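First the structure, in the form of structure tokens, and then the observations on it.
Model, not experiment: these values are computed from the prediction. What's counted below: heavy atoms across the whole structure, side chains too, no hydrogens, waters or symmetry copies.
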There are 2 protein chains.
Amino acid sequence: MADTGAPGGETLLFLTDEQLRKGIEAMFFAYRGFTADPDRILDGLDYGRAHHRAIHFINRQPGLTVNALLNVLGVTKQSLNRVLRTLIEDGLVESRVGRKDKRERHLHLTERGTALERELSEAQRVRMRAAYRAAGPQAVAGFRQVLEAMMDPDLRRQYQMMGAGS
Amino acid sequence: MADTGAPGGETLLFLTDEQLRKGIEAMFFAYRGFTADPDRILDGLDYGRAHHRAIHFINRQPGLTVNALLNVLGVTKQSLNRVLRTLIEDGLVESRVGRKDKRERHLHLTERGTALERELSEAQRVRMRAAYRAAGPQAVAGFRQVLEAMMDPDLRRQYQMMGAGS
DNA sequence: GATTTTAAGTCAGCCTTGTTGACTTTCCAA
DNA sequence: TTGGAAAGTCAACAAGGCTGACTTAAAATC
């Protein structure tokens, strides 16, 4: 109702509260699906979602420091440390003292860590691939556009920088 | 590389592992933004994300039963009960005995509950609206398509049914 | 009418993953 | 040599998941 006076003359029906609410609920339900497959795998092992996230980003940027990982994940060092310690103890992650700056620890996946990463991310990719294929390339472009616009500016910068090396 | 032999002749570059990985990371970072604003509001009160979710869906479907809410949220009744109890004690949610089936409790938001719901969802909508506006209607359509395709079939059905009343 | 099933709620205890705060160790750099 | 940054550690706590066992009330079924 009261659709008059639209600036620019374009239809802005996609900005109604109803449409926004549908988008909010879509995010909620889709995120559940998004995490379901890796969660199932991690259930059997002694790990959780926090371990998955750490493994993902260590694989993504081998040699990144603990501090850098902290920033990407958005948790405290105490929280990350607990997770990281178990991964190191179990031989999935290696922590190497920095050569230039020996205070820093550079994180790498071991062979076993790489194997688990592959298993987890492949499970996640299977679902993404199916969703992408079902929706088509144009929809995927829109999907990525909206998600980027939803990020906090700091995280968006990090996200975009991570893709620069490809 | 090796782009030969694409079935159907269409370009399938949007299905590469690299593109899928970008999508996965986009979901991760965007979800952080998605929850950030309500989380900030809830921080001041004694509530958390679980309370927000309960309030959201009670507002969405006034009078729904505890069991129905359980299914939507995908948690155990013990977990939901803890959250629900505080909301009822604090006078944000009302639990009415069913008229037809007196075993059932039908959940409604009180005035105060409605007020909090509005505050939370408006904060979330502000961000969504900005993202939608920045990306444009076509991108939004794609965004919704991909998210729907990512959901588990059961949840997708629930999601679609919830929109039927509008 | 008696029995079984269902919806809801409760109690106890556990786990993961987040938080603060205080403190130590290491080591670079001014 | 001293200050500060990076990392790690210990303790304590909270939210919000989980399982299991149990009660109550009411509906459904036999």
Does [Y] offer a backbone N or O that forms a donor-acceptor pair with the side chain of [X] under 3.5 Å?
X	Y	value
A:Arg127	B:Met150	yes
B:Arg53	B:Leu73	no
B:Arg112	B:Asp90	yes

Ignoring backbone atoms, establish whether [X] has a side-chain N or O less than 4.0 Å from OP1 or OP2 of [N].
X	N	answer
A:Asn67	D:dA7	yes
A:Asn81	D:dA7	no
B:His51	D:dA15	no

* Just checking B:Arg49: base, sugar-phosphate only, or nothing, at a heavy-atom cut-off of under 4.0 Å? -> sugar-phosphate
* Which part of the nucleic acid does B:His106 contact within heavy-atom distance under 4.0 Å: base, sugar-phosphate only, or nothing? -> nothing
For the side chain of [X], counting heavy atoms from C-beta on, which of [options] is nearest?
X	options	answer
B:Arg103	D:dA26, D:dC18, C:dT19	D:dA26
A:Val66	C:dT19, C:dT10, D:dG8	D:dG8
A:Arg53	D:dC10, C:dG18, D:dG16	C:dG18

Which whole-number value in Å describes the distance from [X] [atom1] to [N] [atom2]?
X	N	atom1	atom2	result
A:Leu73	C:dT19	CG	P	11 Å
A:Lys77	C:dG18	NZ	P	17 Å
B:Asp101	D:dA26	CG	C1'	7 Å
B:Leu42	D:dA14	CG	C1'	15 Å
A:Leu107	D:dA6	CG	C1'	13 Å
A:Arg105	D:dA5	CZ	P	18 Å
B:Glu104	D:dA27	CD	P	10 Å
A:Leu80	C:dT19	CG	C1'	14 Å

* Position toward the 5' end of DNA chain C (nearest nucleotide), B:Leu84 or A:Val97 ->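 The answer here is B:Leu84.
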* Structure fact -> Result for 5'-nearest mapping on DNA chain C, choosing between A:Asp46 and A:Thr76, is A:Asp46
* Asked: For the salt bridge (Lys or Arg N to Asp or Glu O under 4.0 Å) test, which of A:Arg144, A:Arg60, A:Arg156 pairs with B:Glu25?
  -> A:Arg60
* Asked: Parallel, tilted or perpendicular: which fits the ring planes of B:Phe143 and B:Tyr132, with parallel below 30° and perpendicular above 60°?
  -> perpendicular
* Asked: Can you find an N or O donor on one side and an acceptor on the other, under 3.5 Å apart, linking the side chain of B:Lys102 with the base of D:dA26?
  ->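 Check fails, no donor-acceptor contact within cut-off.
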* Asked: Ignoring hydrogens and angles, are the base of C:dG21 and the side chain of A:Gln78 linked by a donor-acceptor pair under 3.5 Å?
  ->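 Flag set: donor-acceptor pair detected.
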